[in-house]
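Here is the naming used below: chain letters follow the sequence lines, and residue numbers restart at 1 for every chain.
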Number of protein chains: 2
Amino acid sequence: MDTEHNAEERLLTAAIEVFCNRGYDGARTQEIADLAGISKASLHYYFRSKELLFRKAVQKVFSLIIGNVARRISEESSFEVVIRQLVEGYFEMFIHFRTQAVFFFTEMMKHEELLDEIVKGIDRSVLLNGLMLRFQKEREEGKIIDMEPVDLLVNIIAMCGYPILAEPLLKRVLTLSNDEYQTMLNRRKEMVVDFVLRAILKEKE
Amino acid sequence: MDTEHNAEERLLTAAIEVFCNRGYDGARTQEIADLAGISKASLHYYFRSKELLFRKAVQKVFSLIIGNVARRISEESSFEVVIRQLVEGYFEMFIHFRTQAVFFFTEMMKHEELLDEIVKGIDRSVLLNGLMLRFQKEREEGKIIDMEPVDLLVNIIAMCGYPILAEPLLKRVLTLSNDEYQTMLNRRKEMVVDFVLRAILKEKE
DNA sequence: GGTCAGTTTAACCAATTAGTCAAACCATAG
DNA sequence: CTATGGTTTGACTAATTGGTTAAACTGACC
């Protein structure tokens, strides 16, 4: 726990950690306060209620994650490079924000109205206008196979995210040790890029 | 709530529903008992504690899900057909058991020791020996590209499962209406099969 | 009918927990 | 110094909730 910043910031940071690890219902305001090194009464002074604190925490997590992705896919490089950057970007995002991502899947399932509020506030132009148009352009130029850009994007995100999100389960079902699983994850970055390019590029070398 | 079966079964069914919707911490034993139409005291009579009931519930859910997958991929058809069956099988599994699958990602992250116990009890021969060997065979015969069978399987599961698990989030980030999202999911079954086959088949038509 | 094991429940208990509040603690301006 | 505003907290409360218990109920078997 950092002890530098002011009380409000420290509480929010602590809240993110506790909510991500324990979920909304499992989180205790006392634990958040303790982690921040501040009394529980102060927590209510700043955020009024657990629910309000939760909202602020979710918003902050989401803006952190989103910022991280958008930064990487604004390039104007060759198509292959764009795919590679995209895969690497999502991969590292999911590794870095694994607990937060899992947290989103579950908590947001229960608090869907919060998602509306949050997604409304983000800038999707990079993703939707930048990236999707680029996919569309390649398609129209006949360089890639005829598929919906959105399907391609979802495929990429899925192949990057799923093995990280489902690690505890996959590891056991596939009977892989921690090391073996890590090896698999390491080779996936390159593998997914190749897999995607083979699936969509039209010219057969 | 079915009222046919005996108390124990009804409690377990109710527990699965409540745990999947609310998570372990969010679930109330009273709600489970009410849903089963049985007193909370009886719940403790049969299962001793919330924790024990939770374990039984998780085990039952898992065996339901697993059974559903294994049944579909035991075919000895052509490779293309195997891929298609696999994709359709996982797709329908994720749609049918969506809340349960999300539940697994979150709760099992917190109770990893439970996963060990559960996965130990299942039969992985169909998946690992049957399917993986088939992939391996095709690879050795030079029909498909040189890639690890496990990577291929993970890619398929990921592309089937992720869009369903992440629906609430994806729907909003991609600014798709419910109908549009449904349309996307519907075309994915065919699309993923094509995508995979293009990525792995060696001969260029 | 009587008994006995298994089942069911209303009433209760102890522990936990989100939220409150009045008093104390600053810092800064007058 | 003192007054004032924002800040901080220990002590408290009301409500919830998992779990217990003793008593009642049920049906099978003698």
Roughly how far, to the nearest 0.5 Å, is the CG atom of A:Asp146 from the CD atom of A:Glu140?
10.0 Å
Atom-pair distance (CG on A:Asn6; C1' on C:dA27), nearest Å:
16 Å
A correct 5'-to-3' footprint of nucleotides 4-22 of chain C, with B, S and - meaning base, sugar-phosphate only and no protein heavy atom under 4.0 Å, is --SBBBB------SBBBB-
For B:Phe195 and A:Phe195, take the angle between the two ring planes, folded into 0 to 90°, and tell me which bin it lands in: parallel under 30, tilted 30 to 60, perpendicular over 60.
tilted
Check whether any side-chain N or O of A:Ser42 sits under 3.5 Å from a backbone N or O of A:Ile38 as a donor-acceptor pair, and report yes or no.
no
Axial cation check for B:Tyr24 ring with B:Lys50, 6.0 Å and 45° limits
yes
Determine whether a donor-acceptor pair (N or O, by modelled atom type, separation under 3.5 Å) exists between the side chain of B:Arg188 and the backbone of B:Met159.
yes
Between D:dT17 atom C1' and B:Asp34 atom CG, what is the distance in whole Å?
13 Å
